[in-house]
Each structure stands twice: as structure tokens, then as C-alpha cells.
Q: 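After the C-alpha cells below, expect a handful of questions from me.
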Amino acid sequence: MIVCFGSLNQDLAVRVARAAADGSGRPVTVKLRSGLEPGDRSGIELAERLVAEAGTSAIAFHPRPASTQHKGAPEYGLVRELVRRLEGTDTPVIVSGGLRSAERARHAYVASGADAVMIARGSLGNPWIFEQLTGRRIAPPAAQEIVAELMWVIDRAGEHLGDRAAPYLRKFYPWYLQRLGMPRRANEPFQRTTTLDEARALVRRLARPVEAVAA
């Protein structure tokens with residue numbers, strides 16, 4: 001996959017996608033935004049060029065301009081327009097952006113007319129979203145599940161990163177603490193951890209009130 005947030009240099013984007021396809025011999029999916037600034041729809045034009053000139057196999061489309069990052073409501077109508085323009089090319093369009101829950105992903109799928117949804121930031125601290133989308137889960141995760149998942153993440157990071165795991169994990173903690181309904185200040189001790197044992201001790205403290213409530 002090639003990630004392209006804007007369309008400042010469309011010719012370069014097309015050349016990179018073409019080179020990736022030719023060099024790898026594999027299908028190439030390009031993910032791009034609707035444009036650079038609000039009102040900019042040049043991402044639709046670039047997507048068409050990527051399919052026609054670079055042989056791109058699929059387009060993942062985030063219908064918000066790059067300058068807004070993840071703020072504001074995605075314009076799923078732009079995805080629907082791209083789907084219409086690519087009719088007859090057999091190129092699937094994948095909608096991305098603002099999919100923070102299974103409900104919002106289902107809404108985007110219907111509103112955009114896309115062939116599929118791409119869950120990105122919506123899965124941060126929320127791997128259960130995939131079970132919810134596939135019908136394997138109806139209820140949200142219980143607090144005990146969230147705590148257990150966070151402990152699993154810490155253990156796996158330690159296996160893969162060794163001493164680098166402790167600072168690397170600091171960006172993970174707010175995702176899980178927010179899902180537990182913890183106040184923002186609860187994240188502060190986690191951001192001061194320098195070892196995985198310190199982090200595990202803090203997670204165990206989170207588990208105690210959870211277990212007490214369950215009892």
C-alpha cells in the first residue's frame with residue numbers, strides 16, 4: 001500500500017504507484033485524502049489517474065482534507081462520487097476515516113457506497129471492533145477484558161522490542177484508559193514509566209477495582 005495524504009504533485013504520485021506495481025509484481029492499493037485543504041476535491045482526480053495510468057488495484061479513500069487531520073465530519077458523498085467515476089474499471093473503493101465504532105463503520109459503508117471499510121485509528125485500544133463488525137460480538141468489551149488486553153500488549157511489546165518497549169508503549173496507554181472510562185489524569189503515572197514492570201504494576205492496580213466491582 002502507498003499512503004498519499006494529498007495531491008500536491010499528482011504526476012509524482014502516479015509514478016510512485018506505477019513503480020511499486022512494476023517493481024513488486026503485486027497488486028498495489030493507494031490510500032489518499034480528498035485533498036489538501038477544505039473544498040479541495042483533487043483527490044478524486046488523482047484516484048482516477050492512479051487507476052488509469054498506474055494500474056492501481058484498489059483505492060482507499062479518506063474523505064477529509066489533509067489539513068484537518070482527523071477533525072471534522074468525513075464527507076462520504078465524495079466517496080460515492082469516486083465510486084461512480086470508477087464504474088466499469090473493476091477497481092474497489094475502500095472508505096476510511098471517522099470509523100471509531102462498528103456503528104459508524106456500518107454507516108460509512110452504506111452512506112459512501114464503497115466496496116469495503118478500512119478500520120485504522122478506530123482500532124487503537126479497540127481490537128474488539130473487528131469482532132463487532134463480523135458479528136462475532138454484540139456487547140462491548142467488559143473492563144476485565146480491556147485490562148487483560150492491555151497486559152497482553154505490554155507482554156508482546158516486551159518480546160518484540162526489549163528495552164525499547166517501555167517508552168514505545170506510552171502512546172498506547174491513553175487508548176485503553178479512555179476505554180475504561182478513566183479520567184485523563186490517570187494517564188500521568190503511565191507516562192512516567194521507565195520499565196515494563198512499572199507499567200504492569202499500574203495495570204494490576206487498574207484490575208483491582210474492576211475485580212472488586214465484579215465480586
Side-chain angles (χ1 to χ4, degrees), residues 1-137 160 171 175:
M1 173 180 289
I2 299 172
V3 177
C4 177
F5 281 101
S7 53
L8 186 61
N9 190 331
Q10 292 196 12
D11 292 338
L12 176 60
V14 171
R15 290 199 301 271
V16 170
R18 178 76 270 171
D22 291 344
S24 67
R26 302 283 186 177
V28 170
T29 297
V30 177
K31 183 175 186 291
L32 70 161
R33 295 271 189 146
S34 54
L36 294 176
E37 301 292 339
D40 179 6
R41 297 155 50 92
S42 58
I44 295 176
E45 177 188 345
L46 175 56
E48 290 184 284
R49 289 190 59 187
L50 287 165
V51 173
E53 301 174 33
T56 298
S57 298
I59 296 291
F61 199 73
H62 185 146
R64 284 188 287 203
S67 64
T68 64
Q69 298 183 357
H70 299 280
K71 298 177 181 178
E75 296 184 59
Y76 295 125
L78 295 177
V79 186
R80 186 173 290 277
E81 180 179 344
L82 178 59
V83 170
R84 180 182 59 79
R85 292 197 185 191
L86 293 181
E87 285 181 357
T89 66
D90 295 325
T91 305
V93 175
I94 307 165
V95 62
S96 179
L99 312 184
R100 296 186 177 275
S101 68
E103 292 76 16
R104 292 180 71 169
R106 293 188 183 101
H107 167 73
Y109 179 72
V110 173
S112 68
D115 298 283
V117 296
M118 176 179 288
I119 307 298
R121 293 174 63 87
S123 66
L124 299 179
N126 184 25
W128 303 277
I129 191 173
F130 300 104
E131 289 183 323
Q132 292 171 328
L133 279 172
T134 56
R136 295 176 59 189
R137 170 188 286 270
H160 289 282
K171 65 182 178 181
W175 304 333

Q: Over all heavy atoms of both residues, which pair between Pro92 and Ser57 is shortest? Give the atoms and the distance, please.
A: CD-O, 3.3 Å
Q: Kindly determine whether Leu46 and Val14 satisfy side chain to side chain contact (heavy atoms under 4.5 Å, CB included), including the steps that lead there.
A: CA-CA 8 Å; Leu46 175 56; Val14 171; 4.2 Å; yes
Q: Please report the C-alpha distance between His62 and Val95 in whole Å, then the side-chain angles of each, then the deciding distance to 0.1 Å, and finally whether the side chain to side chain contact (heavy atoms under 4.5 Å, CB included) criterion is met.
A: CA-CA 6 Å; His62 185 146; Val95 62; over 6 Å; no
Q: Just jot down the side-chain contact (heavy atoms from CB on, under 4.5 Å) partners of Asp22, sequence neighbours excluded, or say none.
A: Arg18
Q: Glu81: what forms a side chain to side chain donor-acceptor pair (under 3.5 Å) with it, not counting sequence neighbours?
A: Arg41, Arg85
Q: Taking atom OH of Tyr109 as the centre, report whether more than 12 heavy atoms of other residues, nucleotides or ligands fall under 6.0 Å from it.
A: no
Q: With a 6.0 Å cut-off (strictly less than), is the heavy-atom count around CD of Glu48, excluding the residue itself, greater than 12?
A: yes
Q: Taking salt bridge (charged side-chain N to carboxylate O under 4.0 Å, His left out) as the definition, give me every residue that meets it alongside Arg137, ordered by chain and number, with sequence neighbours left out.
A: Glu131, Glu145
Q: Taking all atoms of both residues into account, what is the closest heavy-atom pair of Ser34 and Leu78, and its distance?
A: CB-CD1, 3.8 Å
Q: Got a second to check how far Glu75's CD is from Phe61's CZ, nearest 0.5 Å?
A: 9.5 Å
Q: At what distance, to the nearest 0.5 angstrom, does CD1 of Ile119 lie from CG of Leu133?
A: 5.0 Å
Q: Hey, what do you get for OG1 (Thr29) to CD1 (Ile94), rounding to the nearest 0.5 Å?
A: 5.5 Å
Q: Is there side-chain contact between Val51 and Ile59, with at least one heavy-atom pair below 4.5 Å?
A: yes
Q: Say you draw a straight line from CG of Leu124 to NZ of Lys171; how long is it, rounded to the nearest 0.5 Å?
A: 9.0 Å
Q: Would you say Arg64's side chain and Arg33's backbone share a donor-acceptor pair under 3.5 angstrom?
A: no
Q: Can you find a pair of side-chain heavy atoms, one from Ser67 and one from Leu36, that are under 4.5 Å apart?
A: no
Q: Would you name the heavy atoms of Ala17 and Thr56 that are closest together and state the gap between them?
A: CB-OG1, 4.1 Å
Q: So, for Ser42 and Gly35, which heavy atoms are closest and what is the spacing to 0.1 Å?
A: OG-CA, 4.3 Å
Q: Quick check for you: to the nearest 0.5 Å, what is the distance between Leu82 atom CG and Ile44 atom CD1?
A: 6.0 Å
Q: Would you name the heavy atoms of Pro63 and Tyr76 that are closest together and state the gap between them?
A: CG-CD2, 4.0 Å
Q: Is Ile129 close to Ser123 at the side-chain level, that is, under 4.5 Å between some pair of heavy atoms?
A: yes
Q: Measure across Leu99 and Ala108 and return the closest heavy-atom pair with its distance rounded to 0.1 Å.
A: CD2-CB, 3.5 Å
Q: Taking atom OG of Ser96 and atom CG of Leu32, what is their separation to the nearest 0.5 Å?
A: 10.5 Å
Q: Measure from the side-chain N and O atoms of Ser112 to the backbone N and O of Ala114, and report whether any donor-acceptor pair falls under 3.5 Å.
A: yes
Q: State, yes or no, whether a side-chain contact exists between Val28 and Val30 at a heavy-atom distance under 4.5 Å.
A: yes
